[in-house]
Asker: 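Quick one: this structure, given as structure tokens, is what I'll be asking you about.
The chains referred to below are lettered A, B, ... by the order of the sequence lines, with proteins before strands, and numbering in each begins at 1.
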There are 2 protein chains.
Amino acid sequence: MKDSNAKSLNTSITKAFHLLDHFNSIKPEWGVRELAKETGANKSTTYRMLATLESLGVLRKDQTSEKYSLGLKLFELGNRVPVKHAFINHTHPVLQLVAAEITETVHLGILKDQQVFMLDKVESPKGLKLNSVIGTFSPAYCSGLGKVLLAHLDPLQQKKTLHAIALKANTEFTITKKAKLKKQLEQIKNQAYAIDRQELELGLICVAVPVYNQDDHVIAALSAAGPAIRFKEEKIEEYVAILQKGANMIRQKIGSLTL
Amino acid sequence: MKDSNAKSLNTSITKAFHLLDHFNSIKPEWGVRELAKETGANKSTTYRMLATLESLGVLRKDQTSEKYSLGLKLFELGNRVPVKHAFINHTHPVLQLVAAEITETVHLGILKDQQVFMLDKVESPKGLKLNSVIGTFSPAYCSGLGKVLLAHLDPLQQKKTLHAIALKANTEFTITKKAKLKKQLEQIKNQAYAIDRQELELGLICVAVPVYNQDDHVIAALSAAGPAIRFKEEKIEEYVAILQKGANMIRQKIGSLTL
DNA sequence: AATTGTCGTTTCAATAATTGAAACACTGTT
DNA sequence: AACAGTGTTTCAATTATTGAAACGACAATT
């Protein structure tokens, strides 16, 4: 049973984090009036909340422009989140090894609210970079990471998830039929890896494998992604092997951790 | 009788972040009653705030233990803090190079509220690790990073800072006389590097250099730290050269950025 | 020089949310 | 069966939040 019966949540705290959500890479700086306009909140309220958050170091205010941006307190708290110490700090060296061996960008992600949450990334040593950002969400049905994670959900949750998501076509290659997706997820579970051939972005190919813990639960997924031009079909088998080696190293390091 | 000088700050938001501050590496998990007891707040209030923060993903609640810990929302927001994209993402590869060359643990820090704030760290490939944690504060007067940063403050701010801090002896080598510290800071500014010989922790030695931006302002400091046993006196000159090379690489990458 | 348009900030009475002691429900222990 | 420890909910008293409007400060325009 979900909390359909709304508990008595603190409105100020909810509003404050709603404000913080608007500070992103697209618009990292906000003034009082523009943020109030964007959120639909009253400008007095917005002003006082921003002032409060600034006094806590959660926001910082530029001296000259008088605009706010996210502050060091959030960096501090973000680094204290257990997943950082318990997981990412251990997996990052593995990602580096895999990235060095495949010479493509490597990602580590988990499934969260029916989307892929990007936990870590090591960029390709080569020129072409991807615009993925750690700590962001992306759709699950059209990425290698997402399809691997969906494929290894237990049947009930997978059914729920597939029912809940909408398959929007990002490119001409995106899977938009649920029957087709479900069939492919079965195949992915059997072959133990997923391929995304330009389903999310044209020209972007990605291979992903599941990451198991020592209780044999899939707790994350590991992928290598690169431009279609140099991501040759005949190399995929080799990439999968390297990724699986990496996933095994992670498994050894993390024990029976769950996320 | 509140702070008559202070602006009217939102109490709920302030309380919420005060709660979050108690989730640290020493005690990452809290139940309702114990946290209420620790903070002195009412347990009903604490319960409702924790429930609110959980609903936002700021906290997560363990299913079995019913205890709260910091959640993915903070990881997400922490990764959006501008210093991450504008600075750390560029400096991290440099830290890796320096760490590989010196084969000791490398730190990047800034001065914040008269303390050193740890922005990034790359661990030594060797066995002995340090217990420093990214996103935490440490005293400035007894570390290499701190002394370099203090040394390059403009005279007025340096005077203010020296006046404000208390020189507590962490070891027998800690500088506890302000006159002596001030004299050493002058020397550090002249020689362009600082050495911490077991001033913060017995057996720990560290060398630090300033990081300039292209406007020739010191915006951070870079250090290498390791156990006294292998941190030979005759190698320090070599370490300083490697660190300065790293600092210069950072300077080239970041332009006229200020923090 | 006056005007208009921004911006952040403050005021103050009306309103709505927070508060906390006590009671409740639940679990495991004595 | 009684106890001690959780988390959770209740409800009237209290307090903080709210937002339209006014304010002051600055910049560009008339």
Side-chain angles (χ1 to χ4, degrees), chain A residues 1-23 27-71 82, chain B residues 1-23 26-71 73 82:
Chain A
M1 189 88 135
K2 288 274 178 184
D3 24 41
S4 54
N5 51 333
K7 295 178 185 175
S8 65
L9 302 176
N10 184 297
T11 49
S12 292
I13 297 175
T14 305
K15 283 176 189 169
F17 278 95
H18 186 232
L19 289 184
L20 292 179
D21 271 338
H22 285 77
F23 292 80
K27 183 144 179 53
E29 286 194 332
W30 289 90
V32 173
R33 276 176 139 95
E34 56 178 345
L35 185 53
K37 196 175 174 184
E38 177 72 23
T39 57
N42 181 278
K43 74 175 189 297
S44 300
T45 304
T46 305
Y47 165 73
R48 285 182 290 240
M49 292 202 159
L50 292 178
T52 303
L53 291 168
E54 192 212 352
S55 78
L56 298 165
V58 174
L59 292 176
R60 57 169 288 181
K61 190 181 185 178
D62 190 284
Q63 293 282 359
T64 50
S65 73
E66 289 203 316
K67 303 228 172 189
Y68 293 89
S69 56
L70 298 183
Chain B
M1 288 266 284
K2 297 255 169 141
D3 315 35
S4 53
N5 205 8
K7 298 172 186 175
S8 66
L9 302 176
N10 184 295
T11 50
S12 293
I13 297 175
T14 305
K15 283 176 189 169
F17 278 95
H18 186 233
L19 288 185
L20 292 178
D21 270 338
H22 285 78
F23 292 80
I26 297 162
K27 183 145 179 53
E29 285 194 332
W30 289 90
V32 173
R33 275 177 139 96
E34 56 177 345
L35 185 53
K37 196 175 175 184
E38 176 72 22
T39 57
N42 181 278
K43 74 175 189 293
S44 300
T45 305
T46 305
Y47 165 73
R48 285 182 289 240
M49 291 204 160
L50 292 178
T52 304
L53 291 167
E54 192 212 351
S55 79
L56 297 165
V58 175
L59 292 177
R60 57 169 288 182
K61 189 182 185 177
D62 189 285
Q63 294 281 359
T64 50
S65 74
E66 290 202 315
K67 303 227 171 192
Y68 293 89
S69 56
L70 298 183
K73 174 57 80 179

Asker: With sequence neighbours left out, which residue pairs that include part of residues 38-61 of chain B fulfil the salt bridge (charged side-chain N to carboxylate O under 4.0 Å, His left out) condition?
Answerer: none
Asker: Going by the angle between their ring planes, with limits at 30° and 60°, are Phe17(A) and Phe17(B) parallel, tilted or perpendicular?
Answerer: parallel
Asker: Could you tell me how far apart Glu29(A) (CD) and dC7(C) (C1') are, to the nearest whole angstrom?
Answerer: 15 Å
Asker: Counting Watson-Crick and G-U wobble pairs whose two distances are both under 3.5 Å, find the runs of 3 or more in a row that involve DNA chain C.
Answerer: C:1-30 with D:1-30
Asker: Is there a side-chain polar atom (N or O) of Tyr47(B) under 4.0 Å from OP1 or OP2 of dG7(D)?
Answerer: no
Asker: Can you sort out the partners of Glu66(A) under salt bridge (charged side-chain N to carboxylate O under 4.0 Å, His left out), two or more places apart, ordered by chain and number?
Answerer: none
Asker: Round to the nearest Å and state the distance from Ile13(A) atom CD1 to dA17(C) atom C1'.
Answerer: 12 Å
Asker: Return the value, rounded to whole Å, for the distance between atom NZ of Lys37(B) and atom P of dA4(D).
Answerer: 15 Å
Asker: Would a distance-only check, ignoring hydrogens and angles, find a side-chain to backbone donor-acceptor pair under 3.5 Å from Thr52(B) to Asn10(A)?
Answerer: yes
Asker: Atom CG of Leu9(A) and atom CG of Leu53(B): how far apart are they, to the nearest 0.5 Å?
Answerer: 10.0 Å
Asker: State the CD-CG distance between Glu29(B) and Leu70(B), to the nearest 0.5 angstrom.
Answerer: 10.5 Å
Asker: Can you measure from CZ (Phe23(B)) to CG (Leu59(B)) and round to the nearest 0.5 angstrom?
Answerer: 5.0 Å
Asker: Could you tell me which residues satisfy salt bridge (charged side-chain N to carboxylate O under 4.0 Å, His left out) with Lys73(B), sequence neighbours excluded, listed by chain and number?
Answerer: Asp21(A), Glu76(B)
Asker: Any chance you could list the contact pattern along nucleotides 19-30 of chain C? Use B for base contacts, S for sugar-phosphate-only contacts and - for none, protein heavy atoms under 4.0 Å, 5' to 3'.
Answerer: BBBB--------
Asker: Output the distance between atom CE (Met49(A)) and atom CD1 (Ile13(A)), rounded to the nearest 0.5 Å.
Answerer: 9.5 Å
Asker: Where is the tightest heavy-atom contact between Ser12(A) and Ser12(B), given as atom of each residue plus distance?
Answerer: CB-CB, 3.7 Å
Asker: Could you tell me the separation between the CG atom of Leu9(A) and the C1' atom of dA17(C), rounded to a whole number of Å?
Answerer: 13 Å
Asker: To the nearest 0.5 Å, how far apart are CZ in Arg33(A) and OG1 in Thr46(A)?
Answerer: 11.0 Å
Asker: Quick check on contacts: within residues 51-71 of chain A, what sits under 4.0 Å from DNA chain D by heavy-atom distance?
Answerer: none
